[in-house]
Protein chains: 2
Amino acid sequence: MTPPISEPARIMLVDDHPMLRRGLADLLAMEDDLQPVAQAGSGEEAIQIATSIEPELDLILLDLNMPGLNGIETTKALRTAGVDAKIIIFSVSDEHSDVVEALREGADGYLLKDMEPEEIVLQIRAAAQGKTALSPELTHILASAIKGRLEPASQPVDLTRREKDVLELIAKGQSNKLIARNLEISEGTVKVHVKRVLHKLGLRSRTEAAIWALEHDLAKSI
Amino acid sequence: MTPPISEPARIMLVDDHPMLRRGLADLLAMEDDLQPVAQAGSGEEAIQIATSIEPELDLILLDLNMPGLNGIETTKALRTAGVDAKIIIFSVSDEHSDVVEALREGADGYLLKDMEPEEIVLQIRAAAQGKTALSPELTHILASAIKGRLEPASQPVDLTRREKDVLELIAKGQSNKLIARNLEISEGTVKVHVKRVLHKLGLRSRTEAAIWALEHDLAKSI
DNA sequence: TTTTTGTTACCCCTTTGTGGGTAGCCTCGA
DNA sequence: TCGAGGCTACCCACAAAGGGGTAACAAAAA
């Protein structure tokens, strides 16, 4: 299991709880091939360190819920900054949208905090070797995303009246300006609704929203 | 791990190699909660048995590569026939398209034949309990599918080949940048194709194009 | 009562998309 | 052999969309 002669993986731990960082660092330090070389208490700090440290990091373990930049935002920023260390999100959340978004933004893994320490070590090692580190409980989330349905273990998706109105018009291909005219509200307000719809559904663009609406039959007559 | 008082899961093994069925049956029979009650040497035979056996099967282990109907085609046929037993594809192939297609057609799991017997038992038990049985090596395939990529195809319109490719990806909600990555061309070139598609179809936005594609069946979901 | 939720509206800024152009390189068929 | 169509790639400019924030106000819930 332990790689032969290669260098140990240089790892940074990012979490706003020092105690948790400490525990993780101790856990990893016991492994010959895993070397915790840096810690950060926030996403901002993590970015600063990751872009300046030498030699470069091999792997970053990122807490999802942090004040300031959260794990996903930090992942995005790190990728934009050209950091190509493996990134693993470490979280208590098994929310569908969190997992999917994390992977979309460039994370290489998503582990749940309630995993056994031994299992965490195994997954981190797997990620360092280029595999996708994923808590076994989460595979069904990816599988259902593939199958195209999001319900089984997730949220029932409750859009407000207005959000549904906007989504319906998006699904007709209308621009924000047109939607504003049709609903007799400002374009800025339409944008607010669009933003919320995208966030609630875990989507990235109005086109995805339109597709979602069509597939879920939330579109009225075109 | 073993369920308390419930009935053992009734399992059918489908593979064109009798020896492999034999080995699997022996393996499963050693478990109190797993009960191999039927075997089939082909997809056709599997469908015949699954639709007639009483009481109904709980789980079907399907070889992917078989003469005649393969595992995925058999899965599709079984689902169409109303069989709602859990279906696990058992294969030597870790091809991206096989895994994704199997899940899309209604399989509940996808296991590789080179797994350890103990692990196979664990995964089958997990599937029987409603979880997604997936070889750990395959999680990265789902992850990359989530991140967005796929093989192209073609349909009948007055669009060029490349324009159809682009339109298909638009209909999956992908951005120009993602499309560029998937088709391995520059983003600028994607924009050219998008421009032409919109012009040829008389549309004003990619969202309208996506809707058009969905309504004209020029889209293949994830 | 206070708090929360939904709707409205605006600010900021960055990213993405749209529409026009030129141009090199293929392949296929006249 | 040449030309047309198709694919590639870049230029430019502007429009649209997305993501963050604050804030007012009414209605519903705690």
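Reckoned from all heavy atoms, side chains included, excluding hydrogens, waters and symmetry mates. In the text below, chain A, chain B and the rest are named by the order of the sequence lines, each starting its count at 1.
- Between the CG atom of A:Leu167 and the NZ atom of A:Lys200 there is a distance of 11.5 Å, given to the nearest 0.5 Å.
- The shortest heavy-atom contact between A:Pro36 and A:Leu13 is CB-CD1, 4.5 Å.
- For the pair A:Thr160 and C:dT7, the criterion of a side-chain N or O lying under 4.0 Å from OP1 or OP2 is met.
- Computed from coordinates, the B:Arg161 CZ to C:dT27 P distance equals 17 Å when rounded to whole Å.
- Two residues are said to be in side-chain contact when any heavy atoms from C-beta on lie closer than 4.5 Å; A:Glu44 and A:Gln48 fail this criterion.
- In this structure, A:Arg162 reaches the C:dT8 phosphate: one of its side-chain N or O atoms is under 4.0 Å from OP1 or OP2.
- If you check residues 175-188 of chain A against DNA chain D, the residues with a heavy atom closer than 4.0 Å are A:Ser175, A:Asn176, A:Lys177, listed by number.
- Taking every heavy atom of residues 189-197 of chain A and every atom of DNA chain D, pairs under 4.0 Å involve A:Lys191, A:Val194, A:Lys195, by number.
- Taking the screw axis at each terminus of the helix from C:dT1-D:dA30 to C:dA30-D:dT1 from five consecutive base pairs, the angle between the two is 40° to within rounding of 10 degrees.
- The environment of B:Arg79 atom CZ is dense: over 12 non-hydrogen atoms of other residues, nucleotides or ligands sit within 6.0 angstrom.
- In this structure, A:Glu56 places its CD atom where only 12 or fewer heavy-atom neighbours from other residues, nucleotides or ligands lie under 6.0 Å away.
- Qualifying side-chain hydrogen bond (donor to acceptor under 3.5 Å, both in side chains) partners for A:Thr160, counting only residues two or more places apart in sequence or in other chains: A:Glu163.
- Atom-to-atom, CD of A:Glu163 to P of C:dT7 comes out at 6 Å; the value is rounded to the nearest Å.
- In terms of the salt bridge (charged side-chain N to carboxylate O under 4.0 Å, His left out) criterion, A:Arg21 has no residue partners (sequence neighbours excluded).
- For B:Arg196, the side-chain hydrogen bond (donor to acceptor under 3.5 Å, both in side chains) test picks out no residue, with sequence neighbours left out.
- Residue pairs meeting the side chain to side chain donor-acceptor pair (under 3.5 Å) criterion with at least one partner in residues 181-194 of chain A, sequence neighbours excluded, are A:Gln174-A:Asn182, A:Ser186-A:Thr189.
- With sequence neighbours excluded, the residues that form a side-chain contact (heavy atoms from CB on, under 4.5 Å) with A:Leu111 are A:Ile88, A:Phe90, A:Met115, A:Gln123, A:Ile124, A:Ala133, A:Ser135.
- Once you apply a 4.0 Å limit to the heavy atoms of chain A, the touched nucleotides of DNA chain D run 5' to 3' over D:dA16 to D:dG21.
- With sequence neighbours left out, A:Asp26 forms a salt bridge (charged side-chain N to carboxylate O under 4.0 Å, His left out) with A:Arg22.
- Pairs of residues two or more places apart, or lying in two chains, that qualify as side chain to side chain donor-acceptor pair (under 3.5 Å) and include a residue from residues 62-78 of chain B are B:Asp63-B:Lys113.
- One atom, CG of A:Leu159, and another, P of C:dT7, lie 10 Å apart when rounded to the nearest Å.
- Qualifying side-chain hydrogen bond (donor to acceptor under 3.5 Å, both in side chains) partners for A:Asp165, counting only residues two or more places apart in sequence or in other chains: A:Arg161, A:Arg162.
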